[in-house]
Amino acid sequence: MITGKNQIGYKQSAEGAKTYKTANPVTNSDNPTVFYEATQLEIDEACSLAAHAFSTYSKLPGVKRASFLNAIADEIEALGSDLISMYMQESGLPEGRAQGERGRTLGQLRMFSKLVKKDTWRVPLLQDEGGNLKKTYIPLGPVVVFGASNFPLAFSTAGGDTASALAAGCPVIVKSHPMHAGTGEMVATAITKAAQKTGMPEGVFSNLNSSGKEVGEQLVKHKGIAAVGFTGSHNAGRALYNLAAARETPIPVFAEMGSVNPVVITQQAISKRAAQIAETYAASITQGVGQFCTNPGLIITVKSEETTHFIEILAKHLEAAPDGCMLHTRIQEGYEKSKNEIKEQESVSLKVVGSSSKPNHTTAALAVVDGTSFIANKTLHKEVFGPFSMVVFAEDENELLKIINSLEGQLTATIIAEDNETTALQDITLALQNKVGRIIYNGVPTGVAVVDGMTHGGPYPASTDSRFTAVGNHSIMRWVRPFSFQDFPTALLPDYLK
């Protein structure tokens with residue numbers, strides 16, 4: 001058993017992380033980790049240290065921040081199999097997934113390290129005509145990052161939000177997710193060791209634990225915080241957004257809140273490749289027990305005999321898929337509740353309804369509904385977080401477009417079609433483009449490459465600001481703001497503007 005502690009800043013000595021323990025440890029029934037609720041004193045201290053660190057850390061040359069990020073990656077890697085074991089024990093996810101997510105986490109840190117070694121990412125602009133203006137981007141200030149339940153590493157303590165904020169020059173306070181607090185503490189310890197080894201200011205990183213929402217709320221409302229990063233449910237993300245907007249000085253909340261990720265399949269594609277498409281999409285729907293924000297939760301196509309046959313094949317694949325362990329009881333219970341709510345809606349039929357006798361396990365489900373009913377019933381538009389998908393039958397191409405236009409903002413959309421259909425797909429492509437952050441052609445939405453070309457975000461409610469991505473180098477732009485120097489003496493300018 002690992003004891004989770006609240007790590008705030010660190011001592012510049014061999015003593016390592018500064019830790020606090022309150023009188024009432026909380027044990028989650030779903031995992032073996034014991035951790036301690038952060039107190040108001042700890043919240044205030046973490047924010048005070050972060051604000052103090054910002055005055056120094058934001059001014060460090062990019063090469064020093066790069067060294068810090070590389071050191072974090074090295075320290076996490078040095079945790080070896082102990083980290084993998086804790087990850088698996090807390091999440092129920094397999095070893096391959098744990099290793100893959102660790103690799104992604106290390107890759108993100110080293111990617112941002114490479115980016116900030118040079119200050120060209122700030123896009124410095126020199127404008128001499130009429131005023132000697134020099135424009136750049138400067139960091140916002142201390143950032144609160146909320147650990148994601150479905151990604152204990154890649155979107156949590158040292159995940160993409162933390163890596164990009166540290167790269168930008170912003171200290172980070174992590175609100176660790178209670179369902180993988182042990183994994184979070186191991187990574188937090190690695191970050192504090194890296195901070196010590198590279199001489200970073202105390203308070204550049206802190207880790208706070210809590211089983212409820214109070215600590216997160218206090219952090220978002222704290223006057224020392226300048227921005228928030230969040231990956232999770234719509235309800236939680238919107239609550240944080242509202243708190244940040246209600247502050248005396250509002251701050252940005254960059255929340256990625258999920259999606260049903262519509263998939264449009266043409267009649268030609270179904271006629272020619274029904275079996276292949278069904279097999280591919282059954283695997284995508286059940287990947288990771290459906291616990292991806294890019295899970296294909298909605299399939300849209302025109303009603304026909306071929307489409308009906310396609311659904312039968314897809315249903316057989318989903319029925320044959322083994323049950324899987326979900327991340328924790330709350331997610332499993334939420335999945336069953338959402339699935340049952342869909343089942344109770346008028347005009348909806350469930351083609352696949354499985355069950356599992358194992359604790360915290362579940363099986364895939366497939367629902368079918370006509371286009372008119374889908375458009376009229378907004379309950380059917382909600383994300384069902386788990387191995388679930390819904391097929392919506394349109395009467396014709398016109399209704400198919402109406403279905404797309406009725407959707408809320410999404411992270412992704414997919415078009416499955418034949419290459420000779422490109423002209424006919426123009427209206428569908430434009431309609432989807434107005435709803436999502438990324439369109440896939442003849443592929444699956446699950447899987448998000450950590451590259452510059454990736455957009456992981458989309459119109460609300462997929463995210464709170466569709467102008468930004470949460471993945472790739474460009475995600476650093478969430479934590480900076482444009483700034484101009486006018487007629488300034490060279491001696492007072494940052495080195496990269498001289």
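Across all non-hydrogen atoms, the minimal contact from Pro142 to Gly224 is CG-O, 3.4 Å. Residue Leu219 comes nearest to Cys47 through the heavy atom pair CD2-SG, 3.9 Å, listed as atom of the first residue, atom of the second, then distance.
Remark: the Glu185 side chain and the Ser176 side chain contain no N/O donor-acceptor pair separated by less than 3.5 Å. For Tyr281 and Ser389, the side-chain atoms include no donor-acceptor pair closer than 3.5 Å. Between the side chains of Ser67 and Thr198, no donor-acceptor pair of N or O atoms lies under 3.5 Å.
Taken from CG in Asp323 to NE2 in His361, the straight-line distance is 5.0 Å, to the nearest 0.5 Å. Separating the OG1 atom in Thr249 from the CD1 atom in Ile225 is a distance of 13.0 Å, to the nearest 0.5 Å. For the atom pair SG (Cys170) and CG (Asp161), the distance works out to 11.5 Å, reported to the nearest 0.5 Å. Here CG of Leu497 is found 8.5 Å from CZ of Arg122. Values are rounded to the nearest 0.5 Å. One distance of note links CG of Leu208 with CD of Glu42; it measures 7.0 Å at 0.5 Å rounding. Here the CH2-CZ distance, from Trp121 to Phe112, works out to 10.0 Å after rounding to the nearest 0.5 Å.
Contact check for Tyr137 versus Ile476: no side-chain heavy atoms found under the 4.5 Å cut-off. Taking the side chain as every heavy atom from C-beta outward, Glu101 and Phe155 never approach each other to under 4.5 Å. Side-chain contact check for Gln99 versus Ile84: some heavy-atom pair is nearer than 4.5 Å. Side-chain contact between Phe230 and Val220 is absent, with no heavy-atom pair separated by less than 4.5 Å. Contact of the Leu60 side chain with the Phe68 side chain is not registered, since no non-hydrogen atoms from C-beta on lie closer than 4.5 Å. Proximity of Tyr87 to Arg97: side-chain heavy atoms (C-beta onward) are separated by under 4.5 Å at one or more points. Taking 4.5 Å as the limit, some side-chain heavy atom of Tyr460 sits within range of a side-chain heavy atom of Arg238. You'll find the side chain of Val187 stays beyond 4.5 Å of the side chain of Ser156, heavy atoms only.
Counting only distance, with no hydrogens or angles, the side chain of Gln410 and the backbone of Val260 share a donor-acceptor pair below 3.5 Å. For the pair Ser113 (side chain) and Ala66 (backbone), a donor-acceptor distance under 3.5 Å is present. Judged purely by atom type and a 3.5 angstrom limit, Thr469 uses its side chain to pair as donor or acceptor with the backbone of His456.
The pair Asp74-Arg110 meets the salt-bridge criterion, with a side-chain N (NZ, NE, NH1 or NH2) lying under 4.0 Å from an Asp/Glu carboxylate O.
The 12-atom threshold is not exceeded at OH of Tyr241, counting heavy atoms of other residues, nucleotides or ligands nearer than 6.0 Å. Residue-environment remark: NE2 (His52) stays at or below the threshold of 12 foreign heavy atoms within 6.0 Å.
Exactly one residue among Lys193, Lys197, Gln196 makes a side-chain hydrogen bond (donor to acceptor under 3.5 Å, both in side chains) with Glu75. That residue is Lys197. In summary, of the residues considered (Gln332, Lys337, Lys339, Glu333), a side-chain contact (heavy atoms from CB on, under 4.5 Å) with Tyr335 occurs for Lys339 alone.
Taking the six-membered ring where the residue is Trp, His177 and His180 present parallel rings, their angle staying beneath 30° rather than reaching 60°.
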Side chain to side chain donor-acceptor pair (under 3.5 Å) between Asn261 and Thr412, intermediate numbers included: CA-CA 5 Å; Asn261 306 296; Thr412 77; 2.9 Å; yes
